[in-house]
Amino acid sequence: MASALSSLSSTSSSLLQHSFTGNSKAPITQFPNKSARFSVFAQKKAKKLRKIILKEDVTDVGKQGQLLDVRAGFFRNYLLPMGKAQLVTPQLLKEMKIEEERIEAEKRRVKEEAQQLALIFETVGAFKVKRKGGKGNQIFGSVTAQDLVDIIKAQLQREVDKRIVDLPEIRETGEYIAELKLHPEVTARVRVNVFAN
């Protein structure tokens with residue numbers, strides 16, 4: 001019985017030595033019954049990331065439409081159930097590209113319209129404003145952005161928002177330059193002639 005225990009302990013110690021060493025070129029250890037073989041290899045932990053696209057702005061993560069790599073658990077437990085993101089697929093990438101092209105075309109169209117409108121405003125010449133006169137060059141009241149918007153509507157039949165009009169303070173007769181911010185990249189400069197009647 002003692003000889004059986006000693007042979008079993010020597011077999012199990014050799015089994016432990018070979019199976020838990022990090023050497024992948026170690027010989028394959030065999031069980032005493034020689035019917036099963038196994039080897040143990042060390043493996044790195046796989047990074048569990050998912051490539052996603054955000055459907056809406058997420059604080060500290062990203063903006064809507066942004067393509068990101070996030071941890072699988074964060075996507076599975078928070079973003080997906082809340083409907084804030086979805087996995088990226090080739091079809092989704094194709095749709096995103098088409099949508100971006102459509103948005104860019106729309107931006108170009110708006111900019112071109114603003115440039116054409118700026119050209120119209122600048123070729124018109126000066127807009128004339130009549131005010132009741134006071135002493136010297138003084139006028140009663142002042143000329144406001146709303147006054148200029150009304151004159152543009154009367155002369156050119158164009159609707160202009162008064163918030164885009166940048167007009168200096170006008171309290172005297174004379175010629176002034178007003179700026180119309182038609183687009184973030186397009187500004188029209190128009191002349192305003194103020195005279196007393």
Side-chain angles (χ1 to χ4, degrees), residues 12 14-31 34-123 145-146 148-149 152-153 156-167 178-190:
S12 63
S14 67
L15 178 66
L16 288 174
Q17 284 179 343
H18 291 298
S19 63
F20 290 111
T21 58
N23 188 357
S24 61
K25 295 182 181 178
I28 298 174
T29 306
Q30 297 180 349
F31 285 109
K34 298 183 182 179
S35 64
R37 297 180 180 192
F38 74 94
S39 61
V40 176
F41 297 99
Q43 294 180 348
K44 287 186 175 180
K45 189 173 182 180
K47 290 186 179 179
K48 296 178 181 174
L49 295 176
R50 298 288 182 259
K51 197 171 228 15
I52 63 157
I53 183 167
L54 293 175
K55 291 182 179 178
E56 59 186 69
D57 292 353
V58 180
T59 309
D60 298 331
V61 177
K63 301 241 180 235
Q64 180 180 0
Q66 194 173 0
L67 204 60
L68 298 170
D69 286 327
V70 297
R71 296 196 177 246
F74 180 59
F75 172 71
R76 181 179 59 245
N77 296 325
Y78 178 70
L79 295 174
L80 186 63
M82 300 292 273
K84 295 182 182 235
Q86 68 184 74
L87 285 174
V88 173
T89 62
Q91 178 68 25
L92 187 62
L93 286 174
K94 185 190 262 186
E95 289 173 6
M96 279 179 53
K97 187 176 180 183
I98 291 170
E99 182 67 18
E100 285 176 7
E101 290 172 356
R102 186 189 67 75
I103 289 170
E104 286 298 318
E106 179 68 18
K107 285 180 181 178
R108 280 193 306 271
R109 184 188 65 77
V110 168
K111 185 178 177 183
E112 288 172 3
E113 284 181 4
Q115 288 172 339
Q116 291 174 355
L117 195 57
L119 186 64
I120 290 171
F121 284 139
E122 290 174 358
T123 56
Q146 185 61 49
L148 184 59
V149 167
I152 290 172
K153 186 175 180 182
L156 301 177
Q157 288 79 37
R158 298 273 183 179
E159 291 286 334
V160 177
D161 189 3
K162 72 177 184 177
R163 291 176 290 192
I164 68 169
V165 177
D166 184 25
L167 192 64
E179 291 185 349
L180 303 174
K181 189 101 171 136
L182 302 170
H183 186 270
E185 299 173 11
V186 180
T187 302
R189 295 170 59 92
V190 296

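The analysis underlying the following values was restricted to heavy atoms, covering all of them including side chains, and did not include hydrogens, waters or symmetry mates.
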Rounded to the nearest 0.5 Å, how far apart are [atom1] of [X] and [atom2] of [Y]?
X: Leu68; Y: Arg50; atom1: CG; atom2: CZ; answer: 15.0 Å
X: Met96; Y: Gln66; atom1: CE; atom2: CD; answer: 9.5 Å
X: Leu79; Y: Ile53; atom1: CG; atom2: CD1; answer: 12.5 Å
X: Leu180; Y: Leu148; atom1: CG; atom2: CG; answer: 6.0 Å
X: Ile103; Y: Glu99; atom1: CD1; atom2: CD; answer: 4.5 Å
X: Phe121; Y: Leu156; atom1: CZ; atom2: CG; answer: 6.0 Å

Sort and list the pairs that fulfil salt bridge (Lys or Arg N to Asp or Glu O under 4.0 Å) and have at least one residue in [range], not counting sequence neighbours.
range: residues 65-77; value: Lys51-Asp69
range: residues 55-65; value: Glu56-Lys84
range: residues 109-121; value: Glu106-Arg109, Arg109-Glu113, Lys111-Glu185

Please identify each residue that fulfils side chain to side chain donor-acceptor pair (under 3.5 Å) with Glu159, with sequence neighbours left out.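 Side chain to side chain donor-acceptor pair (under 3.5 Å) check on Glu159 returns Lys153.
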
Quick one: side chain to side chain donor-acceptor pair (under 3.5 Å) partners of Lys162, sequence neighbours excluded?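 For Lys162, no residue satisfies side chain to side chain donor-acceptor pair (under 3.5 Å) once neighbours in sequence are set aside.
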
Side-chain heavy-atom pair [X], [Y] within 4.5 angstrom cut-off:
X: Val165; Y: Ile152; result: no
X: Val110; Y: His183; result: yes
X: Met82; Y: Val58; result: no

Please test Leu93 against Leu67 for side chain to side chain contact (heavy atoms under 4.5 Å, CB included), starting from the C-alpha separation and ending with a verdict. CA-CA 10 Å; Leu93 286 174; Leu67 204 60; 4.2 Å; yes

Can you name the closest pair of heavy atoms from [X] and [Y] and give their distance?
X: Leu54; Y: Ile52; result: CD2-CD1, 4.0 Å
X: Leu182; Y: Ala188; result: CD1-CB, 4.0 Å
X: Val186; Y: Ala118; result: CG1-CB, 3.9 Å

Please list all pairs meeting ring pair (Phe, Tyr, Trp, His ring centres under 6.0 Å) that have one or both residues in residues 78-112, counting only residues at least two apart or in different chains.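 Found Phe74-Tyr78.
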
